[in-house]
Amino acid sequence: MELVMKRCTPEDLEDLVEISRKTFSDAFEAVNDPEDFQNYLNTALSSKVLLNELQSPLSHFYFVYSEEMIVGFFKYNEGEAQTDLKDPQAIELERIYVLTEYQNKGLGRRMINEVIQKASEMGKRYIWLGVWEENPGAIAFYESLGFEKFGKHPYYIGKDKQMDWLMKLQLPTL
């Protein structure tokens with residue numbers, strides 16, 4: 001499958017809001033309280049919040065296109081834009097989502113390879129991410145790529161406190 005990855009700009013806001021809400025809903029809506037889930041969508045994935053993130057020079061969103069259709073996206077953060085560690089030697093892979101009908105086709109692996117390449121070009125030592133501890137498929141995927149658990153942190157969906165595993169991938173040094 002031919003893929004094109006393109007960095008998002010503020011002009012892409014409408015498409016970013018749409019795919020963010022769709023992929024997050026497809027992945028997690030059925031396993032969360034409806035009111036908490038809707039509150040999360042209306043805050044964390046609002047146009048205002050996503051525009052602010054798009055305008056940050058330390059946050060980077062990329063759309064993944066197949067045949068000119070957006071089929072997924074990822075976001076990574078540097079420095080102070082990282083949600084937890086804020087380690088200058090690392091980048092955080094904060095979001096990585098693929099439309100349901102394009103899953104299990106190698107897109108996630110290709111997106112992570114792109115993030116690895118960008119992190120390596122920036123001289124970073126590792127990539128880290130948070131993944132919901134009750135998402136065994138995602139955990140297994142990250143482990144298959146060499147990510148290892150190194151901690152936990154809370155993640156809120158509305159008022160519901162959930163727990164994310166923190167996982168890290170060491171990058172080769174030259």
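Source: prediction; values computed, not measured.
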What about [X] and [Y], same hydrophobic cluster or not, with Ile/Leu/Val/Met/Phe/Trp/Tyr joined at side-chain heavy-atom distances under 4.5 Å?
| X | Y | value |
| --- | --- | --- |
| I96 | L58 | no |
| Y155 | L166 | no |
| M163 | I157 | no |

Y40: which of F24, Y156, F28 passes ring-ring contact (aromatic ring centres under 6.0 Å, His included):
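One option only clears the test, and that one is F24.
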Sort out for me which residue in E53, E92, H60 forms a side chain to side chain donor-acceptor pair (under 3.5 Å) with K75.
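The passing option is E53.
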Run through V17, L16, L13 and flag the one making a side-chain contact (heavy atoms from CB on, under 4.5 Å) with L51.
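Considering V17, L16, L13, a side-chain contact (heavy atoms from CB on, under 4.5 Å) with L51 is found only for L13.
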Report the distance from atom [atom1] of [X] to atom [atom2] of [Y], rounding to the nearest 0.5 Å.
| X | Y | atom1 | atom2 | result |
| --- | --- | --- | --- | --- |
| Y142 | L129 | OH | CG | 5.5 Å |
| N113 | L145 | CG | CG | 7.0 Å |
| I112 | L169 | CD1 | CG | 8.0 Å |
| Q170 | I127 | CD | CD1 | 10.5 Å |
| R21 | L45 | CZ | CG | 6.5 Å |

Looking at [Y], is its backbone amide N or carbonyl O close enough to the side chain of [X] to form a donor-acceptor pair, meaning the two atoms are under 3.5 Å apart?
| X | Y | answer |
| --- | --- | --- |
| D12 | D15 | no |
| D164 | P154 | no |
| S25 | K22 | no |
| N39 | G158 | no |
| N42 | Q38 | yes |

Determine whether the side chains of [X] and [Y] contain a donor N or O and an acceptor N or O closer than 3.5 Å.
| X | Y | answer |
| --- | --- | --- |
| E78 | Q82 | no |
| D160 | Q162 | yes |
| D87 | Y126 | yes |

Nearest heavy-atom neighbours spanning [X] and [Y]:
| X | Y | result |
| --- | --- | --- |
| A119 | L171 | CB-CD1, 3.5 Å |
| Y76 | Y62 | CE2-CE1, 3.8 Å |
| I19 | V71 | CD1-C, 4.1 Å |
| E101 | K105 | O-CE, 3.3 Å |

How are the rings of F150 and W128 set to each other: parallel, tilted or perpendicular (split at 30° and 60°)?
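Because their plane-to-plane angle is over 60°, the rings of F150 and W128 count as perpendicular.
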Determine, step by step, whether N77 and I91 satisfy the side-chain contact (heavy atoms from CB on, under 4.5 Å) criterion, reporting the C-alpha distance in whole Å, the side-chain angles of both residues, the deciding distance to 0.1 Å, and the verdict.
CA-CA 6 Å; N77 299 315; I91 64 169; over 6 Å; no
Carboxylate-amine/guanidinium contact K118 E114, below 4.0 Å
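The answer is yes: the pair qualifies as a salt bridge.
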Count the heavy atoms belonging to other residues, nucleotides or ligands that lie under 6.0 Å from CD of Q55, then report whether that count exceeds 12.
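Yes.
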